[in-house]
Structure formats: structure tokens, C-alpha cells
Peer 1: 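Got a structure here, written out as C-alpha cells. Questions coming.
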Amino acid sequence: MKYCKDFIVVENETITPTLFILKLQYLETLPEIKAGQFVEIMVKGEANVFLRRPISIHDVDKDRNQISLLIQIVGKGTEELSKLKKGESLNLIFPLGNGFTIIGKKVLLVGGGCGAAPLLYLARVLKQNQIKSDILIGCRDIKQLFSKKEYESLSNLHIATEDGSCGIKGLVTSHPILDEDFDSIYCCGPTPMMKAISKLAKERNIPCYVSLEHKMACGFGVCLCCVVDTNQGNKRTCTTGPIFLSSELKDF
Amino acid sequence: MKYCKDFIVVENETITPTLFILKLQYLETLPEIKAGQFVEIMVKGEANVFLRRPISIHDVDKDRNQISLLIQIVGKGTEELSKLKKGESLNLIFPLGNGFTIIGKKVLLVGGGCGAAPLLYLARVLKQNQIKSDILIGCRDIKQLFSKKEYESLSNLHIATEDGSCGIKGLVTSHPILDEDFDSIYCCGPTPMMKAISKLAKERNIPCYVSLEHKMACGFGVCLCCVVDTNQGNKRTCTTGPIFLSSELKDF
Amino acid sequence: MNNNTDKRLEVTIKDMVLRNPVMTASGTFGYGYDFEDFMSLDSLGGIVVKATTGSNREGNPYPRMAETSSGMLNAVGLQNKGIDYFCRSLYKKIKDINTNMVVNVSGSSIEEYVEVAQRINELENIPAIELNISCPNVKQGGMAFGTDPKMASEVVKAVRKAYDKTLIVKLSPNVTSIVEIAKAVEASGADSLSMINTLFGMAVDAEKRQPLLSTITGGLSGPAVKPVALRCVWQVAKQTKLPIIGIGGIMNATDAIEFILVGATAIEIGTANFINPSISQEIVYGLSEYLDRHNIKNISEIRGII
Amino acid sequence: MNNNTDKRLEVTIKDMVLRNPVMTASGTFGYGYDFEDFMSLDSLGGIVVKATTGSNREGNPYPRMAETSSGMLNAVGLQNKGIDYFCRSLYKKIKDINTNMVVNVSGSSIEEYVEVAQRINELENIPAIELNISCPNVKQGGMAFGTDPKMASEVVKAVRKAYDKTLIVKLSPNVTSIVEIAKAVEASGADSLSMINTLFGMAVDAEKRQPLLSTITGGLSGPAVKPVALRCVWQVAKQTKLPIIGIGGIMNATDAIEFILVGATAIEIGTANFINPSISQEIVYGLSEYLDRHNIKNISEIRGII
Ligand SMILES: Cc1cc2nc3c(=O)[nH]c(=O)nc-3n(C[C@H](O)[C@H](O)[C@H](O)COP(=O)(O)OP(=O)(O)OC[C@H]3O[C@@H](n4cnc5c(N)ncnc54)[C@H](O)[C@@H]3O)c2cc1C
Ligand SMILES: Cc1cc2nc3c(=O)[nH]c(=O)nc-3n(C[C@H](O)[C@H](O)[C@H](O)COP(=O)(O)OP(=O)(O)OC[C@H]3O[C@@H](n4cnc5c(N)ncnc54)[C@H](O)[C@@H]3O)c2cc1C
Ligand SMILES: Cc1cc2nc3c(=O)[nH]c(=O)nc-3n(C[C@H](O)[C@H](O)[C@H](O)COP(=O)(O)O)c2cc1C
Ligand SMILES: Cc1cc2nc3c(=O)[nH]c(=O)nc-3n(C[C@H](O)[C@H](O)[C@H](O)COP(=O)(O)O)c2cc1C
Ligand code: FES
Ligand code: FES
């Protein structure tokens, strides 16, 4: 079941000048939400944004009926969202997409930049299911790092920064944790990073899930704008995905 | 000389649920403004208004470099303007239009509803020029009446309300002040009212000026969208007008 | 008032009775059931499902969409699993939806159009087809049929022979004279005309210096095209006798009324479904309200009065 | 950097040298001097003044304008005082403006177009005319010339004989194939093509149940039409050799760059002038900034690379 409802902003936390977290209150009981699912946000305001904007669910607080979104400002829609104030309402279609399939007992989460958004809730779900997870986060520098404490409480956190200001210095792909053995890998971030991790996983025969941020008009399967080329032809990213097994994708 | 500049809202006063006065601060020295001139407002905000909106200059405070606008909510642009808050900025093109030509030493001002907007500043200018003016305001009821004190301080105020809650009961056209003799009449308001007053003035050979609120795309003479049919053919309301001698207008 | 039963809104298009003029546009409403979470489908006058062609089509490569001022471009390119799959699998899923389920029929050749129409003719619960001779997103066929009066006439004649039920033909605005095409289609046996399909457009990423669509050009929809759509409906309503279904940029009941005023018997909601998935039902309520407010006894009173 | 002297922006259209590609569109910039309060006219590459016809025209009755989503409709209908008045009075006022002053030439017959072109040929400080064969707002002539390749060809040939300087022909987007018209015009002696004129549209007041324009239909401009305009320029740039002036919905420098990327040599700013009367000058600065940011030595490097 999908819903189209208003949420109330309870917090708009600035992480960096271009990164912020919206905490949103639902006024009813939240339905079941899977890690890796997303919402479609109606953006009001003077930016005059026409279509909704798809944003992953960063975290879910079932007890409080709250969700949070981690958003990077890249254009007019995300810029407008960054101005939201406590108490304002926001219309969402949710929950959308397939979400992650959890395989195995020892898993690795790899996130790059703001692409890491869906991994926090995934780590939470994994812990709830007593699955041991390592999480590897890559970012430019320590200032770009967010939700560090949460990650640490849910998973073994590993960090790679480009300038070495936190964790190892370098790209995530050079982190030693990747040498360990895992039952599956969950990877979200810039496409080049996801491709590199997929390749590595393929070589070692580990199933690797990636999250695709394709452009969407509807987000719930009816416009066919968001397709990705798979082994079984064009599939809708918004319903068959956004989480795909990388071995199913033609481009990966 | 015309300007395209920002003003700062110093006050947004609600008169009725659909009528408000914006007081705007200019940050430089105001240029010469004639009564009857207007501004073109850029409307920002979620209403997604494309073109500017023309609004008459209701009053000018030269000492403070402030102007005020009296605005009726009729659609999305005026609705958006009604939400403006103190401190917000507003981009105006100004001053536009010809303004009133002052003829004679004893003049009558007739205003209906929010159409009366330009008459307050006209009354002020007349007083500054030691011209004796009567002003006749017509409106539905006493609640619709605005700037009463100011009018009284500048002119002899006469009132006609439809329900008789103030002044005489009835339309402006039935007010006895119209029987007096005047050198000229200045009339702003709904078209039927302006036509009725014009007719009366014509019968008695008094020059009657009316203010036309034609739809405008530019407001400064370049688009030719705002024309009115005159004895000399189509004329631009925004430059040749908005104030016309009613005898020049084909429709009057 | 329950709109489901607001008799003032009932309209007919040839043999098809619509409980109200509000339909949804092909390619923007999936196969209908995708919207069940958001609204009751039986509040609608009809649903036009995604274009169906003779065989499976993968459509165009990603990216297929670009947002524009008050609109969007799409380059989906008729992705669908073909008429066999439709009859075998999709038909079962939609045949009991309690509204007029119309199939949008596309093809690259007259034979393909005819084949698909013939197959759908046999499906009891499909009261009408909408012949799509106006898709700008395929190389062959599609818009070509809709931009030449002779070709339009040929394909409509051929389909007419093969198809007994209500035949709606969907016109392209990308022509010098839409009236000329409409007249040709009318003379060739169509029962109704729907218009407009998307405007032929394009969008560019100035920073990356490349087109935003894989196919470079695509079809423009949304409020940006409404003035063109209204003009097309008005022109054709004045010069043909067929009932018209108005399409293009309808976002609310006021927009829908505008189309009816210029001559549309029914309307289709397209892009608006993406932004508010229950908008079509809301527009049905809005129409009733408009009739109430203006004291109109039947929607037909205001049809084509401009 | 003073854009007046940013040599990277210089372009030429046949014999006309533009200090930058930014021009203003006919009907939206008066005769230029109306904008002197807001900007320096000599920052522009060129100014196209309002349509001039053989004799005085009153244009259409009020109302002539309706706002639409991201755009506006106009139905001005070529109001102007005719070529005599232009030569006698207006020319004096504009001849010393320090940029290319182009006259938009309109008419209802080939003779009228030729007469006006001939007269303007004699005016020393008018380096070019823009032949308007695409106005949707007049009953006779106007768009009719621009929607039929044969008529377009005839009028261009006739004007070419009478006019020596740079001859720009302005095309209508309201055609099945703009490439066909463009090729006909190219073969008939035009030096440059400008496009697009307005899209043929209409708007309705649902409450009052009447059209918003006195002429019912009018011409759509503004950002709503940009996708159509980009597509037209892209199609024509690929299939003809003439320099193209891109027009349609340009609101900022990014939009202007998009037109250049799809093949435009220069661009014209229209409706945007109403909203921000100094926008054309700001766009000149924006182009310089874009070149800086992308390290481009000359604007021609990115022309038509899509
Ligand atoms: C399933 C899904 C989940 C997503 N989750 C998140 C998230 O958790 N946090 C987050 O910050 N962003 C997320 N995104 C990306 C987000 O949707 C886009 O950044 C946003 O739509 C851009 O809107 P805008 O108006 O700010 O940018 P625009 O002004 O529309 O565009 C600015 C730039 O961003 C690019 N862009 C626009 N839309 C997308 C898109 N969908 N994907 C990639 N690039 C785009 C444009 O090409 C342009 O270069 C997700 C996207 C998808 C499809
Ligand atoms: C020279 C001039 C001076 C004006 N002075 C004032 C003033 O002092 N105070 C004031 O409240 N209003 C004034 N107006 C009218 C004002 O410009 C319109 O009410 C306003 O533009 C409506 O904008 P909107 O977005 O709220 O309405 P829209 O949503 O655009 O339209 C709502 C309704 O208003 C009508 N409308 C829109 N624009 C106009 C217009 N220009 N004239 C008449 N009807 C229109 C529409 O047809 C529609 O029925 C003046 C107009 C002109 C031309
Ligand atoms: C994503 C998308 C896909 C479409 N697919 C089809 C289609 O398969 N067949 C068709 O006839 N029209 C198709 N259309 C056109 C719409 O049915 C409609 O004619 C057009 O979008 C204009 O209406 P709107 O402005 O309300 O969207 C599609 C439109 C969009 C936006
Ligand atoms: C009010 C108005 C008047 C116009 N008058 C003319 C004209 O006289 N001649 C002409 O060729 N184009 C005329 N146009 C069309 C513009 O020059 C331009 O082609 C069109 O508006 C598209 O550009 P834009 O979207 O930037 O406005 C007019 C446009 C508007 C809005
Ligand atoms: S975004 Fe519409 S189908 Fe995926
Ligand atoms: S509004 Fe443009 S000329 Fe008057």
C-alpha cells in the first residue's frame, strides 16, 4: 500500500552548507517501511518546481512515527527543501521502491557522500535482525561526515576520507575492510563508486546490491521514465528498484 | 526617468479580509511622483506568478521616502502580496503612467471601492497646491472604508454606502455633492461607476478624468497589450494613461 | 453529493457512456490499478491505458525525461509488452475495473494498427480504443501518421474495417492545420477525436553541454501546453461534428471546464497524475461544484459555448 | 570585464557584426529607447524593433493579453504607424543608438512586404531587416506566408530583389515541418533565419465563460515555449547552412547558452524584457561568465555542438 499524505517538519538540521537532514512527523501510524525505499516530495515555494523529487528514507523511528531524510542541495528543488522550517508541512508519496533484500549473516554496507542516505536505516534493520554488519563510509573530509554516532551504535564503522581527515586517506575502494569476506554487499553512492565496488564483488562472487538514482517523473511505476537496462530488458527503477543486484544491470 | 528597484515592506495593514495596505520603504531618494501614477510589482512566492502586477500609488511620504499601495485580493498575485511581511523586499518598476492633470481651483474626487486607491495621494497634492477639493467615496459598507482620517485632513469627505452604514445610503451617483459645480472631476473605481460619473460630467460640461485598469504585460509602453480605443485610435493605457479625459475614450 | 451518482456529469462518446467527462491519459496512468491506493477508480469516466503495439517494445534508452517550465518532456517511446501479453495477462487484471477501460493503440505500420485493433475488438470489457497516430517518440509510424491527412485517413479507414466499437483517434498538435487532419479522420470513420498528444520539443543541459533526453527530442506535456491544446480543441470543435476528448495540461477542475467550454465532451488528465495521484477523482468533485456554483443542470449546457 | 569589449562574444550574421549574440525580440522592446532608463543599449548585440507594415494599423481590440502557466498570450496584431511614419519620425529617434537596429517587416501581401523592405533599404543605419512571415495575430498574411513553403519562398524572393542588406526571415513553429519552410527560405535568398515566433494558442476565463483575448486565439511566448523553440533551432541548424537567431522563452544566460549549443549564432530576448527590463544586458554578462567558467576562448566553440 502506498500513501499520499502530509508530514510535519520537526527538525531541519544543517550538516554542511549543502547537506541537511529533515526529520518529519507522520500524524498517523507509519506503515511498514523497508530500508532502501524512498519518498516522492511535493516541493512548494517560489522555486516553482513542477515534478515531485525522489529522496531515500534515511531513517525511521517507528515509536515516534517519524522518518528522516538526508538531502544534498544540487538544484532548485533541494534548495527549496533546505529552507523548510519546523512546523511546516510536506506532502509525500511513500513508501516507494523495492528496498533492500537481506542475504546472509555477515554483510558490508558501503556508502559514498550523500548517496549513503539509505544505509543508516539499513544498518538499523540489520541490527534488529541480529545480522552483523560493517559499514564503510567514504567522503571528502571529516566535515562531510554525518550520523557517525548512529552508525557506530548499529554497526562497525570504517571511514575513508579523501584528505585523510578521518579514517584512512583515500577512496573507499582502497579500504582494507574490503579484503574481508562477506555474504553480501550493499552499496549506495556516486555511480563510479558503485561500479567499482560491484566489480570487486563480482570478482569475489559476492552478491552486491546498488541503489540507482534515476530521474523520475512519477516514482510509482506509471510513467516508464526511470528505466534501467537489465538482463531482462528495461525495468522501472522506481518499482523494480531502486535497489538492484548489480549483476542484473547491463551497465555494471 | 523610470526605475526598477527593490523596496522594503515596513507595514502590511489589513483593512478587510480582502483589502490591505502595503507601506514600502525606498532606500534612496524617491523621484518626483505624480498622483495617478502606478508601479509594476514583481510577485515572488509559490503562486508562481509570471508577469508583474500593476498597482496604483496610494500615497507618497516624501520625507520618509515611503510609498503605500492599497491592494484588493482578486487572484493569485494579489493573494501572494497580501502575505508579505515587514522586512521583506519587493521589486518595483516605477513611477509609471501619466498621472492626473490638475485643472481648476475647485475639484471633485470620486472613488469607488479599492479603485479609489490613487485619490489619497491626489488629495494630498491638491492640498499642497492650495486647491479646494471635495472627495466622494462609495463603498458597500463602513467596513470597506479606509484612510478616512487622512481624507478628512486633506479634503471635504463625503460618503455613500450601499447599506447606509456610513454617509448617505445608495450609490455615489445619487450623492447631492454631485449637484455642486466643479472645475473638474477625478474618478477612480469600477467601470460602470466611472461611466456614470463621466456621463453626468459630460452633461454639465465638466472635464472628467478617469483611471483605467487595463491588463498589462509590461506597464512601460513596449508591448502594446493595454490599449484603449480613443478618439485618436488605440492608445497605450500604461503610458498615455492610465488617466484619461473621459471625453477622449470611445467607450465612455 | 457522491459524484459517482452526479447524473449531471454523464456524457456519451458514440456507444460509450461515461459517468462523468473525466478520463485519464495514456502513458500517465499505467493500467489503472496502480492508482488504487490513491483513489477509487470507479469515480472516473474512463481510463486510457498505456499504448499497446503488435509486439514487445523496449522503448528508448534512459534518460527519458526532462523537467521544463510548467511541464516535462518524455521520450518513453511506446515501451510495452505487445498485444499478446496484453490479451493474455493485462486484460485479466483490468477487465473488472468499474469504468470504461480504453486501450491506446499504436504501431509502425497500418497492418500493425489493424492487428492490435482486431485483437482488442474481441475483448468484451474494452468499449473503445484510442488510436495513437501522434506519438513524437518513435522513429517509424507514430506521429508520421498523424501529420499527413492522407496517411491518417488510410490508417483510420483500415482500423475502422477491423474494429466495431467506439473508435477514438488521438491527434498531434505538431501540424500546420489540425483541422485538416481532423476532417480527414472524421471522413474516414472515426467516432471521436482526442487531442492533444505532446508537443515536439527538446531540452538541454547547458553545464554538461548535452541533450537531457537519450533521443535528443521528446514530447512536451503539462500546463505549458494548455494554451495550444485549448486552441486545437476549439478549432476542431468548430469545424467537425465528432465528440472531442480534450487533453493537455489539465491540473484542476477549472482547466477541465475550459476544455468543455471550447467544445470538449470529455477530458483526459495526463501529467497531473504524477504530481497528485488522486487528482482525477478530485477533478470529478470539482466539476460537480462548478455546476452547483453556476446553477447548471447538465454539463452539456456549457459544452462548446465559446 | 566590460562586456562591451568581450571580444569572445562577437558574432556575425552575414554582413552584420554583433558585439555579442544578445538581441531583443520584436514587439517586446518597443523602439529600443524605452529601455534607456533601465540599461545601456550599447551593451547589446542588436535590437529588433516592432513590426512595421505598409500603412498605419490599429491592431486588434482590447483585451490583447492573457497570462498562462510560464508564459503569456498576446493578440496585439501588428499595431504600428506604418513605414512612412517610421522613416519620417521613428528612424531619427533610433538611428544613433549604438547597436544593430533591425526592423521587423510585416505585411498582408507580397507587395506590402516589398514596399516596406525597399523603403528600409534606403535607411543607412538599419543594417538588417527581419521578415516576419509568422505572426499568428492577423487575419491576412502574417502566419499564412510562414506556414506554406511556396508562399514563404515567393515573399522571400521578392523581398530579396528589393533589399540589399542582411535579410533575416522569422519562422513560425506552427507547422508540420519547420525544416521544409527553412529550406525553402534558404533557397530563396535569405541570409539568416530567426525562430521561433509565438505558438498559436488560446486562453479561457472559466468563471466568465468567455475567451480572454478579443481575437479568441493569440500567440504564446515565454518559458513555456522554450522546449519547442530549442527543438526548432536544433532541427533547422542540422539541415540548413544559414546562421540562426534563436528565440523563445529565454529568461537568463543559461537559456541563451542552450540555444547556442543547439546551433544558434545569436539569440533574441522577448517576454523576459517585460519582467526584468534590464535582463538583456544581464544576459550579456552571464554569457561572459559562462565562457570564463568553462574556459572557452570564443562563443563559436560551443555553437551547434549538440
Ligand atoms: C530513488 C532515489 C532516491 C534518492 N535519494 C536521495 C537522497 O536520499 N538524498 C538526496 O539528496 N538525493 C537523493 N536523490 C536524488 C534527488 O532526487 C535529486 O538530487 C533531486 O531530485 C534534484 O532536484 P533539484 O530540483 O534540487 O535539482 P534540479 O534543479 O532538478 O537539477 C539539478 C541537477 O541535479 C540533477 N538531477 C536532478 N534530478 C536528479 C535525479 N533524480 N538523479 C540524479 N541527478 C538528478 C540534474 O541533472 C541537474 O544536474 C534520489 C534520487 C532517486 C531517484
Ligand atoms: C494602472 C493600474 C492600476 C491598478 N491599481 C490597483 C490598485 O491600486 N489596487 C488594486 O488592488 N488593484 C489595482 N489594479 C488592478 C490589479 O492590477 C489587478 O487586480 C491584479 O493585477 C490582479 O492580479 P492577480 O494575480 O491577483 O489576479 P489574477 O489571478 O491574474 O486574476 C484574477 C481576476 O482578476 C482579473 N484581473 C487580472 N488582472 C487585472 C487587471 N489588470 N485589471 C483588471 N482585472 C484584472 C482577472 O481577469 C481575473 O478575473 C490596477 C491595475 C492597473 C492596470
Ligand atoms: C510519460 C508520458 C507517456 C505518454 N505515453 C503516451 C502513450 O503511450 N500514448 C499516447 O497516446 N499518449 C501518451 N502520452 C501523452 C499523454 O497521453 C497526453 O496526451 C499528454 O501528456 C498531454 O496531456 P497532459 O499535459 O495532461 O500530460 C504520454 C505522456 C507522458 C507524459
Ligand atoms: C506582446 C508581443 C508582441 C510581439 N510582436 C511581434 C511582432 O510585432 N513581430 C514579430 O515578429 N514578433 C512579435 N512577437 C514575438 C516575439 O518577437 C518572440 O518571437 C516571441 O515572443 C517568443 O519569444 P519569447 O518567448 O522570448 O517572448 C511579439 C511577442 C509579444 C509577447
Ligand atoms: S518514475 Fe514513473 S515509472 Fe518510474
Ligand atoms: S502594458 Fe505594455 S504597452 Fe502598456
Side-chain angles (χ1 to χ4, degrees), chain B residues 1-6 31 39-44 47-54 74-78 80 91-96 191 212-242 244 249-252, chain D residues 24-39 47 49-51 56-81 137 205 207 212-214 218 221-224 249 251 270-279 282:
Chain B
M1 183 83 184
K2 298 181 284 286
Y3 302 84
C4 179
K5 295 271 183 178
D6 283 350
V39 302
E40 278 277 3
I41 308 183
M42 166 104 84
V43 184
K44 290 192 182 148
N48 182 12
V49 171
F50 183 61
L51 296 167
R52 286 176 184 260
R53 294 293 187 261
V74 300
K76 57 181 187 168
T78 46
E80 192 70 47
N91 187 270
L92 306 187
I93 306 180
F94 73 101
L96 300 171
T191 308
L212 297 186
E213 296 197 351
H214 274 197
K215 283 209 186 158
M216 298 180 170
C218 71
F220 49 93
V222 300
C223 75
L224 307 187
C225 286
C226 63
V227 290
V228 59
D229 197 7
T230 74
N231 298 338
Q232 284 120 54
N234 278 328
K235 293 283 172 202
R236 288 166 295 182
T237 303
C238 67
T239 49
T240 316
F244 289 93
L249 301 176
K250 278 276 176 63
D251 244 27
F252 270 71
Chain D
T24 54
S26 179
T28 67
F29 210 71
Y31 293 91
Y33 49 76
D34 306 275
F35 283 80
E36 266 166 348
D37 284 355
F38 304 115
M39 57 180 290
I47 291 171
V49 305
K50 179 74 193 157
N56 178 66
R57 286 202 190 214
E58 283 297 314
N60 296 315
Y62 178 84
R64 294 177 169 184
M65 192 278 288
E67 196 181 50
T68 64
S69 288
S70 298
M72 61 172 276
L73 286 158
N74 88 80
V76 170
L78 303 183
Q79 178 178 342
N80 80 104
K81 295 203 170 139
N137 291 326
D205 185 328
E207 290 305 308
L212 281 163
L213 298 175
S214 68
S221 62
M251 303 300 282
T271 308
N273 293 307
F274 304 155
I275 296 162
N276 176 357
S278 57
I279 187 66
E282 289 170 25

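Please read all numbers here as calculations on a predicted model, not as lab measurements. Below, chain A is the first sequence line, B the second, and so on; all start at residue 1.
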Peer 1: At a 4.5 Å cut-off on heavy atoms, which part of L213(D) comes close to chain B: side chain, backbone, both, or neither?
Peer 2: neither
Peer 1: Taking all non-hydrogen atoms of both residues into account, name the closest pair between C225(B) and V76(D) and its distance.
Peer 2: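 Distance-wise, the nearest heavy atoms are SG-CG2, 4.1 Å.
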Peer 1: May I ask you to decide if P61(D)'s main-chain N or O and S214(D)'s side chain share a donor-acceptor pair within less than 3.5 Å?
Peer 2: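 A pair under 3.5 Å: yes.
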Peer 1: I'd like to know which of G27(D), G71(D), G222(D) tops the heavy-atom pair count under 4.5 Å against chain B.
Peer 2: G71(D)
Peer 1: Under 3.5 Å, is there a donor-acceptor pair between the side chain of R57(D) and the main chain of N80(D)?
Peer 2: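 Side chain of R57(D) to backbone of N80(D), a donor-acceptor pair under 3.5 Å: no, none is there.
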Peer 1: Chain D heavy atoms under 4.5 Å from M1(B): which part of the residue, side chain, backbone, both or neither?
Peer 2: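 Both parts, backbone and side chain.
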Peer 1: Checking F29(D) against chain B: side chain, backbone, both or neither under 4.5 Å from a heavy atom?
Peer 2: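 When you check distances to chain B, only backbone atoms of F29(D) fall under 4.5 Å.
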Peer 1: So, do F252(B) and F244(B) have ring centers that fall under 6.0 Å from each other?
Peer 2: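 Aromatic pair excluded; centres sit 6.0 Å or further apart.
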Peer 1: Okay, side chain of E58(D), backbone of G233(B): is any donor-acceptor separation there less than 3.5 Å?
Peer 2: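 No; judged by distance alone, with no hydrogens or angles, the pair does not exist.
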Peer 1: Looking at every non-hydrogen atom in both residues, tell me the closest pair between L78(D) and A51(D) and how far apart they are.
Peer 2: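 For L78(D) versus A51(D), the nearest heavy atoms are CD2-CB, 3.5 Å.
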Peer 1: Of the backbone (N, CA, C, O) and the side chain (C-beta and beyond), which part of T271(D) lies under 4.5 Å from a heavy atom of chain B, both, or neither?
Peer 2: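 Side chain only.
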Peer 1: Closer than 3.5 angstrom, by distance alone: can the side chain of R52(B) be matched with the main-chain N or O of N91(B) as a donor-acceptor pair?
Peer 2: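 Yes, because the side chain of R52(B) sits within donor-acceptor range (under 3.5 Å) of the backbone of N91(B).
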Peer 1: Is the backbone N or O of P223(D) less than 3.5 Å from a side-chain atom of S70(D), with the two atoms forming a donor-acceptor pair by type?
Peer 2: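 The answer is no, because no donor-acceptor pair under 3.5 Å joins these two groups.
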Peer 1: What part of N273(D) gets closer than 4.5 Å to chain B, counting heavy atoms only: side chain, backbone, both or neither?
Peer 2: backbone
Peer 1: What part of N234(B) gets closer than 4.5 Å to chain D, counting heavy atoms only: side chain, backbone, both or neither?
Peer 2: both
Peer 1: Select one option (side chain, backbone, both, neither) describing which atoms of V49(B) are under 4.5 Å from chain D's heavy atoms.
Peer 2: both
Peer 1: Using non-hydrogen atoms only, which part of Y31(D) is less than 4.5 Å away from chain B: side chain, backbone, both, or neither?
Peer 2: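 Nothing of Y31(D), per the 4.5 Å heavy-atom cut-off to chain B.
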Peer 1: Considering only heavy atoms, which portion of K76(B) lies under 4.5 Å from any heavy atom of chain D: side chain, backbone, both, or neither?
Peer 2: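 For K76(B), the side chain is the part near chain D, not the backbone.
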Peer 1: Among D229(B), N48(B), I93(B), who wins on heavy-atom pairs under 4.5 Å with chain D?
Peer 2: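 It is I93(B).
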Peer 1: Please look at M39(D) and chain B and tell me whether the side chain, the backbone, both or neither of the residue comes under 4.5 angstrom of a heavy atom of that chain.
Peer 2: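 Looking at M39(D), nothing touches chain B.
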